[in-house]
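To start, the structure itself, in C-alpha cells.
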There are 4 protein chains.
Amino acid sequence: MDLKIRIAEAAEQVLLTNGLAKTTTKEIAKAAGCSEGSLYNHFKSKEDLFLHVVRNQLKMLMAAMTSLRNLPGKGTVRGNMEEVALAALNDYNHSMSMICSIFSEPGILDRHREGFESRNEGPHRANETVEGYLLEEKRLGRIPEGMDARAAADLLLGSCFQHAFQSSFTGREETQEERSQYAKRIVDTIFREC
Amino acid sequence: MDLKIRIAEAAEQVLLTNGLAKTTTKEIAKAAGCSEGSLYNHFKSKEDLFLHVVRNQLKMLMAAMTSLRNLPGKGTVRGNMEEVALAALNDYNHSMSMICSIFSEPGILDRHREGFESRNEGPHRANETVEGYLLEEKRLGRIPEGMDARAAADLLLGSCFQHAFQSSFTGREETQEERSQYAKRIVDTIFREC
Amino acid sequence: MDLKIRIAEAAEQVLLTNGLAKTTTKEIAKAAGCSEGSLYNHFKSKEDLFLHVVRNQLKMLMAAMTSLRNLPGKGTVRGNMEEVALAALNDYNHSMSMICSIFSEPGILDRHREGFESRNEGPHRANETVEGYLLEEKRLGRIPEGMDARAAADLLLGSCFQHAFQSSFTGREETQEERSQYAKRIVDTIFREC
Amino acid sequence: MDLKIRIAEAAEQVLLTNGLAKTTTKEIAKAAGCSEGSLYNHFKSKEDLFLHVVRNQLKMLMAAMTSLRNLPGKGTVRGNMEEVALAALNDYNHSMSMICSIFSEPGILDRHREGFESRNEGPHRANETVEGYLLEEKRLGRIPEGMDARAAADLLLGSCFQHAFQSSFTGREETQEERSQYAKRIVDTIFREC
DNA sequence: TATGAATGAGGTTTCATTCAT
DNA sequence: GATGAATGAAACCTCATTCAT
C-alpha cells in the first residue's frame with residue numbers, strides 16, 4: 001500500500017487512541033512501520049499531517065448525509081430521520097475526540113477555518129443537508145407547512161452531537177440498541193405530527 | 001489577592017487564549033505575575049491546575065441552570081426556555097474550547113471521569129435539570145401530557161451545544177441578537193403547542 | 001529537646017533512609033517537625049548540616065575503639081580483637097551508606113579533608129588506635145615480637161570495612177551470629193600464633 | 001568513534017571528576033561533544049547511563065583478578081599476592097569514588113542489586129577468585145594446610161579496599177612505591193609462613 | 001525515496017535559600 | 001527564634017525536524 005496512505009491511517013489510529021497531545025511523530029512512524037524521516041517525505045509537517053487526517057474525518061461525516069438526496073418521498077419521514085440520527089450518533093461518536101482535540105491547537109484550528117471559508121466545508125454543512133431534505137419533504141406535503149426546517153435539522157443533529165459528546169466524555173460504551181432508542185425518542189418529539 | 005486564585009484565573013485566561021497545547025507553565029506564571037516555582041506551591045502539577053480550572057468551568061455551567069428550580073409556573077414556558085437556551089449558548093460558547101481540549105489529554109480525561117462517577121457531576125446534569133423543570137410544568141398542566149420531557153431537554157441543550165461548538169469552531173463572532181433569534185427558533189419548534 | 005539537635009537527628013535519619021541525593025530540606029524539616037526556614041536558623045546551609053551529621057557518625061566510629069586503651073593485658077588478645085572486629089562490623093554497617101555518600105559531593109568531601117588535617121581526625125585514626133593496642137600487647141609479650149602491628153590492625157579493620165561495605169552494597173541483612181563467625185575467622189587467621 | 005562509547009567515556013570522566021551529585025546531563029554532553037538530546041538516543045535515562053558506566057568499572061575490577069587462574073604453582077605465593085594486592089589498590093583507588101557514590105542514590109543501588117542476584121556479579125566475586133587461587137596453592141602444598149583460604153582472601157582485599165578508601169577520602173596522592181610497600185607489609189603479615 | 005542519528009529549543013518540575021511576618 | 005510562601009536557577013527529558021547516507 002502507498003506509504004502516504006499508511007502514514008495517514010497510522011496517524012488517525014494513534015490520534016484516536018492516544019489523544020492529540022500524546023501523538024508523537026515517533027508513535028506515528030512506529031504504527032506506520034516506517035521511519036520518522038519518512039513522514040516528512042509525504043507531509044510537510046506534523047501539523048499538515050493532522051490537517052489531512054481531520055479533513056478526512058469531516059468528509060466521512062458528510063458522506064453519511066449525502067444519501068438524503070435520494071430519500072425525499074420514500075419510506076416515512078420519521079423512519080428516514082431515525083436513520084439519519086443513528087448515522088450521526090455513530091459518526092459523531094467515532095470522531096468526537098479527534099475533532100475536539102483541534103481546540104487545543106489554535107494553529108490547526110486557524111488553518112481549518114481558512115479551509116471552511118474558501119471551500120465551504122465544515123460541520124454546519126451536515127445541518128444544511130438535513131434542512132434541504134426537510135424542505136423537500138415539506139414541498140411534498142409530508143411535513144406540516146409551519147415547521148421550521150432549519151430549526152428541526154439543528155435540533156436533530158444538535159442533540160445527537162451533544163449525546164455523542166457526553167458519551168465520549170464520560171467514556172461510557174453504548175449499545176446500538178441504546179442509540180436507536182435515543183434516536184427514536186428525539187425524532188418522535190421533533191416530528192410528532194408526521 | 002490570594003495567589004492561588006490569581007494562578008487559577010491566569011491559567012483559565014491563558015487556556016482560553018492559547019489552547020491547551022500551547023499553554024505552558026511559563027505563560028501561566030507570567031500571566032499570574034509570579035514565578036513558575038510558585039505554581040507548584042499551590043498545585044501539585046500542571047495537570048492538577050488544569051483539572052481545577054476545568055471543574056470550575058463546569059460548575060459555572062451548572063450554576064446557570066439552578067435558577068430553573070424556582071421557575072415552574074412563572075412566566076411562560078417558552079419564555080423560560082428561551083432564557084435557558086440563551087444562557088446555555090453563552091456558557092457553552094465561553095467554555096467550549098477548554099472543555100473540548102480535554103479530549104487531547106487522555107490523562108486529564110480519565111481523571112475527570114473518576115470525578116463524575118464519584119461525585120455525580122458532569123455535563124449531563126444540566127440536561128437532567130431542564131428535564132426536571134419540564135416535568136414540573138407538565139404536572140402544572142402548562143405543557144402537554146404527551147411530551148417527552150427528557151427528549152425535549154436534550155433537544156434544547158443539544159442544539160445549543162452544537163451551535164456553540166460550530167461558532168467556536170468557525171471562529172465567527174455572534175451578536176446577542178443572533179443568539180436570541182436562534183434560541184427563539186428552536187424553542188418555538190420544540191414547544192410549538194405551549 | 002533543643003531544636004538544633006532534633007534537626008540533626010532528623011537529618012541523620014533521612015540520610016540513612018533515603019540516601020544523600022534524595023535528602024531534601026523539605027524532608028528533613030518534616031522529619032524534625034519544624035519548618036524549612038528553621039533549618040537556616042541553626043545551620044548556615046544544607047551542606048553545613050550534612051557536615052555536622054557526618055562528623056558525628058565518624059565520632060561514634062572512633063568511640064568504639066577507645067575502650068581499647070584499658071584492655072592490654074586483660075582477657076585474651078584474640079578475644080579482645082574479636083570484640084573490636086564485631087564492633088567495627090556493626091559500626092561500619094550502620095554508617096557505611098552515609099560515609100560513602102560523601103563521595104558524591106566533592107564540596108562536602110573537600111571540607112571534610114580540611115577538618116582532617118587541622119584536627120587530625122578521620123577514619124584512619126581507628127586503625128592507629130588498634131595498632132597502639134597491639135604494640136602494647138607486644139610490649140607485654142602477648143603477641144610475637146615479629147608481628148607487624150600496623151599491618152595487623154589494617155588487616156583487621158580493612159576486612160571488616162570491606163565486609164560491611166559489601167553487606168550494605170548487596171543489601172543482605174546479616175545476623176549477629178554471622179558477624180561473630182566472620183570476626184572469629186579473620187582474627188584466627190591474623191593472630192594464629194596468639 | 002561510536003557516539004555511544006564516547007558518551008559513556010565522557011560520563012565516566014565527569015563522574016570521577018565532579019562526583020555523582022554534580023554530574024549533570026549538560027556536563028556529560030559537553031564532555032562528549034554532543035547535544036544533551038543525543039544522550040537519550042543511546043541511553044534511556046541518566047540513571048541508565050550511570051548503571052552502564054558503573055558496571056563497566058566493576059568489570060574492570062574483576063578483569064584484574066582473572067589472571068590468577070593461570071598463576072597457581074608459578075613464581076612465589078607472596079610474589080603473586082603482592083601483585084594482586086597492588087592491582088587491587090590501583091583499581092579500588094580509581095573507581096572508589098564512583099562506586100561509593102551509588103550509596104547516595106538508592107534507586108541506582110536497587111537496580112544494581114537486581115543485577116547481582118540474577119547475574120552473580122558484584123564486588124564479592126573478586127574475593128572468591130583470590131580464595132580459589134589460594135585453595136589451588138594449598139592443594140599444591142605451597143601454603144599451610146591449616147590456613148583459612150577465604151579469610152586470607154578477605155584480609156588481603158579488605159585491607160586494600162579500606163586503604164584505597166582512606167586514600168580517596170583524604171585526597172592524598174600516593175606513589176606506586178608507597179603502594180608497593182603497603183602491599184608487601186600486608187602480604188608478609190598474612191602469608192608469613194609461605 | 002527511505003532512513004535514523006543528531007539536534008536544540010523548550011517543557012515541566014525540584015529544591016536550597018530568602019525574607020516579611 | 002520560628003515560619004512558610006515565594007523565588008529562580010538549574011535539572012532531566014521530549015520531540016518535531018533536518019540531513020548525510
Side-chain angles (χ1 to χ4, degrees), chain A residues 2-4 6-7 21-30 32-50 107, chain B residues 2-4 6-7 21-30 32-50, chain C residues 2-4 6-7 21-30 32-50 105 107, chain D residues 2-4 6-7 20-30 32-50:
Chain A
D2 190 9
L3 181 52
K4 177 164 187 173
R6 235 167 61 218
I7 289 172
K22 296 287 180 303
T23 297
T24 63
T25 49
K26 184 195 268 191
E27 286 277 332
I28 296 171
K30 196 170 73 179
C34 69
S35 73
E36 279 188 83
S38 284
L39 305 186
Y40 292 84
N41 290 327
H42 295 282
F43 298 92
K44 216 175 66 211
S45 68
K46 193 191 167 198
E47 199 179 290
D48 263 40
L49 173 52
F50 287 160
Chain B
D2 190 8
L3 182 53
K4 177 165 186 173
R6 234 167 63 222
I7 289 172
K22 296 289 182 300
T23 296
T24 64
T25 50
K26 184 187 287 191
E27 287 270 341
I28 295 170
K30 196 169 72 180
C34 70
S35 71
E36 280 188 81
S38 283
L39 304 187
Y40 293 86
N41 287 331
H42 295 283
F43 297 92
K44 224 174 53 208
S45 66
K46 194 191 168 198
E47 196 180 293
D48 263 39
L49 173 52
F50 287 160
Chain C
D2 189 9
L3 182 51
K4 177 163 186 172
R6 234 169 61 221
I7 290 172
K22 297 287 181 302
T23 296
T24 64
T25 50
K26 185 194 270 189
E27 288 276 333
I28 295 170
K30 197 170 73 180
C34 69
S35 72
E36 279 189 82
S38 284
L39 304 187
Y40 292 85
N41 289 327
H42 295 283
F43 297 91
K44 216 175 66 210
S45 68
K46 193 190 167 199
E47 199 179 289
D48 264 39
L49 173 52
F50 287 160
E105 294 267 14
Chain D
D2 190 7
L3 181 54
K4 177 164 187 173
R6 234 167 63 220
I7 289 173
L20 180 51
K22 294 291 181 301
T23 295
T24 64
T25 51
K26 185 188 283 191
E27 287 269 342
I28 296 170
K30 196 170 73 179
C34 70
S35 70
E36 277 188 82
S38 282
L39 304 187
Y40 294 87
N41 287 331
H42 296 283
F43 297 93
K44 224 173 53 209
S45 67
K46 193 192 168 197
E47 195 179 294
D48 263 40
L49 174 52
F50 287 159

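Labels below follow one simple rule: chain letters A, B, ... track the order of the sequence lines, proteins then strands, and each chain is numbered from 1.
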Across all chains, not counting sequence neighbours, the salt bridge (Lys or Arg N to Asp or Glu O under 4.0 Å) partners of K4(C) are none
S35(A) meets the side chain to side chain donor-acceptor pair (under 3.5 Å) criterion, sequence neighbours left out, with S38(A)
Between dT12(E) and T25(B), is there an OP1 or OP2 to side-chain N/O distance shorter than 4.0 Å? yes
Contacts of T23(A) and T23(D) projected onto DNA chain F by closest heavy atom; the upstream (5') one is T23(D)
Here the distance between atom P of dA16(E) and atom CD of E47(C), to the nearest Å, is 12 Å
The dot-bracket string of DNA chain F, counting Watson-Crick and G-U wobble pairs with both distances under 3.5 Å, using [ ] for crossing pairs and | for pairs to another strand, is .||||||||||||||||||||
Distance col, row I7(A):CD1 vs T25(A):OG1, nearest 0.5 angstrom, shows 11.0 Å
F43(A) meets the ring-ring contact (aromatic ring centres under 6.0 Å, His included) criterion, sequence neighbours left out, with H52(A)
Applied to residues 37-50 of chain C, the salt bridge (Lys or Arg N to Asp or Glu O under 4.0 Å) test, sequence neighbours excluded, yields E47(C)-R111(C), D48(C)-R111(C)
Rounded to whole Å, CG of D48(B) lies from C1' of dT13(E) at a distance of 13 Å
Chain B reaches DNA chain F, atoms under 4.0 Å from its heavy atoms, from dA6(F) to dG8(F)
Salt bridge (Lys or Arg N to Asp or Glu O under 4.0 Å) filter on E27(C), not counting sequence neighbours, yields none
Across all chains, not counting sequence neighbours, the salt bridge (Lys or Arg N to Asp or Glu O under 4.0 Å) partners of K22(C) are E105(D)
Atom NZ of K22(C) and atom C1' of dT14(E) are separated, to the nearest Å, by 11 Å
In numerical order, the residues of residues 35-43 of chain D whose heavy atoms come under 4.0 Å of DNA chain E are S35(D), G37(D), S38(D), N41(D), H42(D)
For this session: Respond yes when some side-chain nitrogen or oxygen of K46(B) is under 4.0 Å from OP1 or OP2 of dT12(E), and no when none is.
Result: yes
In whole angstroms, the gap separating P of dT1(E) from CD1 of I7(A) amounts to 12 Å
On a heavy-atom basis, the closest approach of E36(A) and A29(A) is N-CB, 3.7 Å
Hits for side chain to side chain donor-acceptor pair (under 3.5 Å) against S45(B), two or more places apart or cross-chain, chain-then-number order -> none
For I28(A) and L39(A), the nearest pair of non-hydrogen atoms, with its separation, is CG2-CD2, 4.1 Å
From CG of L49(B) across to P of dT12(E) the rounded distance in Å is 11 Å
By salt bridge (Lys or Arg N to Asp or Glu O under 4.0 Å), K26(B) pairs with (sequence neighbours left out) none
